[in-house]
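Letters A, B, ... are given to chains in the order of the sequence lines, protein chains preceding strands, and every chain is numbered from 1.
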Protein chains: 2
Amino acid sequence: MTVLQIRLNDNLSLKDPQSTELGEKIIRHSIPLIDQLGFEGFTFKKLSVKMESTEASIYRYFENKHRLLVYLISWYWAWLDYRIEYDTHHLADPLQKLDQALRLITEKKIQDNSFPDVDEEALARIVVAESDKIYLTKQVDEDNKEGLFRGYKSLCKNIARFVKEVNPEYPFPHALVSTALETANQQIFFAEHLPSLTEMSEVDDPYKRNYEFIRSIIFNAINREG
Amino acid sequence: MTVLQIRLNDNLSLKDPQSTELGEKIIRHSIPLIDQLGFEGFTFKKLSVKMESTEASIYRYFENKHRLLVYLISWYWAWLDYRIEYDTHHLADPLQKLDQALRLITEKKIQDNSFPDVDEEALARIVVAESDKIYLTKQVDEDNKEGLFRGYKSLCKNIARFVKEVNPEYPFPHALVSTALETANQQIFFAEHLPSLTEMSEVDDPYKRNYEFIRSIIFNAINREG
DNA sequence: AAATCGTTGATAGTATTACTATCAATTATC
DNA sequence: GATAATTGATAGTAATACTATCAACGATTT
């Protein structure tokens, strides 16, 4: 098995958690804990108890719990970005590339053995429930200046490139893709918790339904214009 | 001028803030304060100082600050719902009704003199930045059982009805409308803070652009199917 | 082998938050 | 004029989100 590492912006952490045992322990334990407690209920104190270390030690890696969340979500986006690249570069038809990207965005995530410290299934649940919180803050502009959202932007840009290849005249490629990315998670959340807001809940495989929904929106939007 | 009142679910507050002076003071002062500080920075202590009352008094109206936020956002949705009803009931063509609804959802909100205690402009900014937080919590299912999200669901259902009238065969009316509602706010946020995720930022009137974007998505989605 | 450096653990401390409780003063209602 | 409800004033508490200090330990350098 290849030893891969997802490379992230240095500003996300004070010290690269992927470089030490303790750092990896933080990643390994924070994912199931945030998944269980929700981000509001999660604290560094609880994490330190779970991983048998101390609050002070965790603060040496992450300025605060918000930064840790941004780190985890950024990891997820970079991971997705990499998988899309990996699964589309052999395709010639941009429409097929776009379709494959939408498939990967919407599919139910399962464990990726290349990254044993990350429980991707739990992380995907965190992304559904918490990802918007990383930028819906008063410090969004400062955080953005530090490059904390580069992963999400890169993912958006890469898929938008497929859209442009399919139809160079379409006027909203980035808006369309950011909408697709947000909707992919939102509708899954609605299906589980607010089912009257969606049709995804009516069927045994909401992920497949969601893919069909988003695919139809995107393809119709692109083909009609230009 | 008619004296109107937006009727909301009783569970949103311990005591109806629209029924007393103090209650209206809470509404009047909390909107600009949350707008300024963001929901995380906002506290009942700060609000009590601003409105020259006490924390204890505020707690007699709202169980906690989360409930107050849900109350304000619910008010906004009910207000929008009412305005859509008001501005579409005279139209015969469902396509025109839908179009008018999308216009109202996406347009820049200005002061509505029917409700002097509510600064709709500030409230609209709160909705953009904070509305997702009212359901992205661990207590979403309990809150939902209490009916706290009825306003949003009703709005979604009413617009979805227009979609169904336009094309009864379209398989995702609610998902489409909830996507439109979320996107309406999201793209405005992106335009201001993460402009590389959208094209709305490139133009002098992002609201109009956003309307065109969402309109084209919705209409193309509906017309292609069925 | 000794000195030094960096990492972690252990402990303590602080301001703020998110409440809850109590009681007196005031106001509205019967 | 009595009484009930509302508000204000004050106090208190557990938890949170940190910051600071210092000792212990292992690895690296000289």
Side-chain angles (χ1 to χ4, degrees), chain A residues 10-30 33-34 36-72 117 130 133-134 137-139 142-143 148, chain B residues 10-30 33-34 36-72 117 130 133-134 137-139 142-143 148:
Chain A
D10 283 345
N11 289 331
L12 288 165
S13 57
L14 297 169
K15 188 188 302 188
D16 180 9
Q18 295 186 71
S19 70
T20 65
E21 256 303 308
L22 187 69
E24 289 186 334
K25 243 173 107 179
I26 293 174
I27 303 306
R28 207 162 55 238
H29 287 90
S30 62
L33 203 56
I34 294 174
Q36 263 175 54
L37 305 174
F39 184 62
E40 281 72 35
F42 169 84
T43 69
F44 277 0
K45 185 89 205 60
K46 290 172 189 168
L47 175 58
S48 71
V49 171
K50 198 76 159 192
M51 56 185 274
E52 292 174 308
S53 177
T54 62
E55 258 185 291
S57 295
I58 299 168
Y59 275 106
R60 287 177 189 122
Y61 284 82
F62 293 99
E63 239 173 283
N64 50 52
K65 71 171 183 168
H66 185 254
R67 288 281 167 131
L68 170 56
L69 182 67
V70 181
Y71 182 94
L72 294 175
D117 287 316
E130 321 287 359
K133 296 174 190 169
I134 76 174
T137 70
K138 278 285 162 186
Q139 347 105 49
E142 295 147 60
D143 287 356
L148 304 195
Chain B
D10 283 345
N11 289 331
L12 288 166
S13 56
L14 298 169
K15 188 188 301 187
D16 180 11
Q18 295 187 72
S19 70
T20 66
E21 257 303 309
L22 187 68
E24 289 187 332
K25 244 174 108 180
I26 293 174
I27 303 305
R28 208 161 56 238
H29 287 91
S30 61
L33 203 56
I34 295 174
Q36 263 174 54
L37 305 174
F39 184 62
E40 281 73 34
F42 169 84
T43 68
F44 278 180
K45 185 90 203 60
K46 290 173 188 168
L47 175 59
S48 72
V49 171
K50 199 74 159 192
M51 55 186 274
E52 291 172 308
S53 179
T54 60
E55 258 186 293
S57 295
I58 299 168
Y59 275 105
R60 286 177 189 122
Y61 284 83
F62 293 100
E63 238 174 283
N64 50 52
K65 69 172 184 168
H66 185 254
R67 288 280 167 131
L68 171 55
L69 182 67
V70 181
Y71 182 94
L72 295 175
D117 287 315
E130 322 287 358
K133 296 174 190 169
I134 76 174
T137 69
K138 278 285 162 187
Q139 347 105 50
E142 294 148 60
D143 287 356
L148 303 195

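Distance A/Phe44 CZ to D/dT16 P: 13 Å, rounded to the nearest Å. A straight line from CG of A/Leu14 to P of D/dT19 spans 10 Å, rounded to a whole angstrom. The CG atom of A/Asn64 sits 16 Å away from the C1' atom of C/dT16 (whole-angstrom rounding). Between the C1' atom of D/dA20 and the CD atom of A/Glu55 lies a distance of 13 Å, rounded to the nearest Å. For A/Lys46 and D/dA15, the NZ to P distance is 10 Å, given to the nearest whole Å. For the pair B/Lys45 NZ and D/dA9 P, the interatomic distance rounds to 11 Å; values are reported in whole Å. When rounded to the nearest whole Å, the span between CG of B/Leu47 and P of D/dG8 equals 12 Å. In this structure, CD1 of A/Ile26 is placed 13 Å from C1' of C/dG9, rounded to the nearest angstrom.
Defined by atom type and a distance below 3.5 Å, a donor-acceptor pair is missing between the side-chain atoms of A/Tyr71 and A/Ser30.
Contact annotation: side chain of B/Arg60 to base of D/dG8, donor-acceptor pair present below 3.5 Å.
Note on ring orientation: taking the six-membered ring where Trp is involved, the planes of A/Phe44 and A/Phe42 are perpendicular (angle over 60°, cut-offs 30° and 60°).
Only one option out of B/Met51, B/Lys25, B/His29 pairs with B/Ile58 in a side-chain contact (heavy atoms from CB on, under 4.5 Å); it is B/Met51.
Note on B/Lys65: only backbone sugar-phosphate atoms sit closer than 4.0 angstrom, heavy atoms only; bases stay farther off. Among the heavy atoms of the strands lying under 4.0 Å from B/Tyr61 are primed sugar atoms or P, OP1, OP2 only; no base atom is included. A/Tyr59 comes within 4.0 angstrom of a nucleotide base, judged by non-hydrogen atoms across all strands. If you check every strand for non-hydrogen atoms under 4.0 Å, A/Lys15 touches sugar and phosphate atoms only.
The side chain of A/Ser53 approaches C/dG9 more closely than any other nucleotide in the set C/dA18, C/dG9, D/dT16. Comparing D/dA9, D/dT7, C/dG9 against the side chain of B/Leu22 picks out D/dT7 as the nearest. Distances from the side chain of B/Thr43 to the nucleotides C/dG9, C/dA18, D/dT7 place C/dA18 closest.
Open room surrounds NZ on B/Lys50; 12 or fewer heavy atoms of other groups in view lie less than 6.0 Å from it. More than 12 heavy atoms of other shown residues, nucleotides or ligands fall within 6.0 angstrom of atom NZ in B/Lys133.
A close approach under 4.0 Å does occur between a side-chain nitrogen or oxygen of B/Ser57 and OP1 or OP2 of D/dG8.
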